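Written below as structure tokens is the structure these notes are about.
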Amino acid sequence: MPPSAPPKDRLRLAVQKSGRLATDSLDLLARCGIKVKTPKEKLLLHAGNFPIDLLFVRDDDIPQLVMDGVCDLGIVGTNVLEETALQRRTDGDGDGYELARTLEFGGCRLAIALPEERTYAGPADLAGLRIATSYPQLTKRFLAEKGVAAEVVVLSGSVEIAPRLGLAEAICDLVATGSTLEANQLRAVETVFRSSAVLIRAARELNPVKAHALELLLRRIDGVQLAAEAKYIMLHAPKSALPEIRKLLPGAENPTLLPLAGDESRVALHAVCQEAVFWETMESLKRAGASSILVLPIEKMML
Ligand code: PRP
Ligand code: ZN
């Protein structure tokens, strides 16, 4: 794969410039072997070792950039994606993108929050309030489902200060750790939408060179995500205990058995466990007769 591919043969991926997804997006790419220097003042960065360019933008703009053909790919939260899709449906437009991969980060919820001191018994208490949000479509859908008449005030940022400014009595915004709400003396009272990060691709066809690069990228993402929970486990065990020990290993198929020098009755067992290995599992292995148990992280995996 020539890293110096001409622009027409380089994938263009939109990522969040700063915010909840920014660091995790770059971490995922780094684990896929895609390295970019991050002088954040630059909007477009070339990866030195993979035919991909990164465009750093506001997350809210990412679906549109992919649908308009400015970018081939985007990493975005399903919150932004669903909001955009609802807006496009309202406007009579099609989706224009495809889901390429669900990613294992960026978990958060879109929630309605009220000033801490305000009492709340249920959605009926939202009636007649002004709710500030950057997600009018999702907010309106929630209110309609609950049969509540409230006013939606659209703000493009800093939604959390709207109640203090007297712009609204409530907000509907993303909550990840909850620290933004806490810092603004707000508390979440209803969950409107649960979100996580995804990789989207443009619905149109890519040229063969880019299509091949995308295939490689997806395979690497799969390898990284597969390896995230997986562990390499090594232990010593009496041959007689092997059937029980194998039953205890989570998601391990066909372990390797190796003889131990000078010990006929015991073997070394090596296996890849596809699921998390907990202390409880290790304690059960020990009780079953295993010893010298080592659990090692796996960095990458290709099946
Ligand atoms: C969201 C949201 C809050 C923050 C909540 O921002 O607008 O500011 O995350 O996170 P917390 O519960 O951990 O404090 P986002 O990353 O979507 O950026 P943007 O609002 O600037 O687009
Ligand atoms: Zn945003």
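What you see is a predicted model; the values in this text were computed from it and never measured. In listed order, ligands and their atoms are each counted from 1.
- In this structure, ligand 1 sits under 4.0 Å from heavy atoms belonging to Q16, G19, R20, D59, D60, D173, L174, V175, A176, T177, G178, S179, T180.
- Nearest heavy atoms, D53 versus A47: OD1-N, 4.3 Å.
- Cluster annotation: I298 and L294 are assigned to the same hydrophobic cluster (Ile/Leu/Val/Met/Phe/Trp/Tyr, side-chain heavy-atom contacts under 4.5 Å, transitive).
- The name of the N, O or S atom in D59 nearest to the Zn ion (ligand 2) is OD1.
- The Zn ion (ligand 2) sits nearest to atom OD1 when only the N, O or S atoms of D60 are considered.
- Under the side chain to side chain contact (heavy atoms under 4.5 Å, CB included) rule, Y135 has a single partner from V192, L110, V154, which is L110.
- Linking Ile, Leu, Val, Met, Phe, Trp and Tyr whenever their side-chain heavy atoms come within less than 4.5 Å leaves L285 and V272 in two separate clusters.
- Side-chain heavy atoms closer than 4.5 Å link hydrophobic residues (I, L, V, M, F, W, Y) into clusters, and following such links, even through other members, never connects V267 to M234.
- The list of ring-ring contact (aromatic ring centres under 6.0 Å, His included) pairs with a residue in residues 220-278, not counting sequence neighbours, reads Y232-H270.
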| task | Would you sort out whether E116 and Q185 count as a side-chain hydrogen bond (donor to acceptor under 3.5 Å, both in side chains), showing the intermediate values? | result | CA-CA 6 Å; E116 274 163 0; Q185 288 98 49; 5.8 Å; no
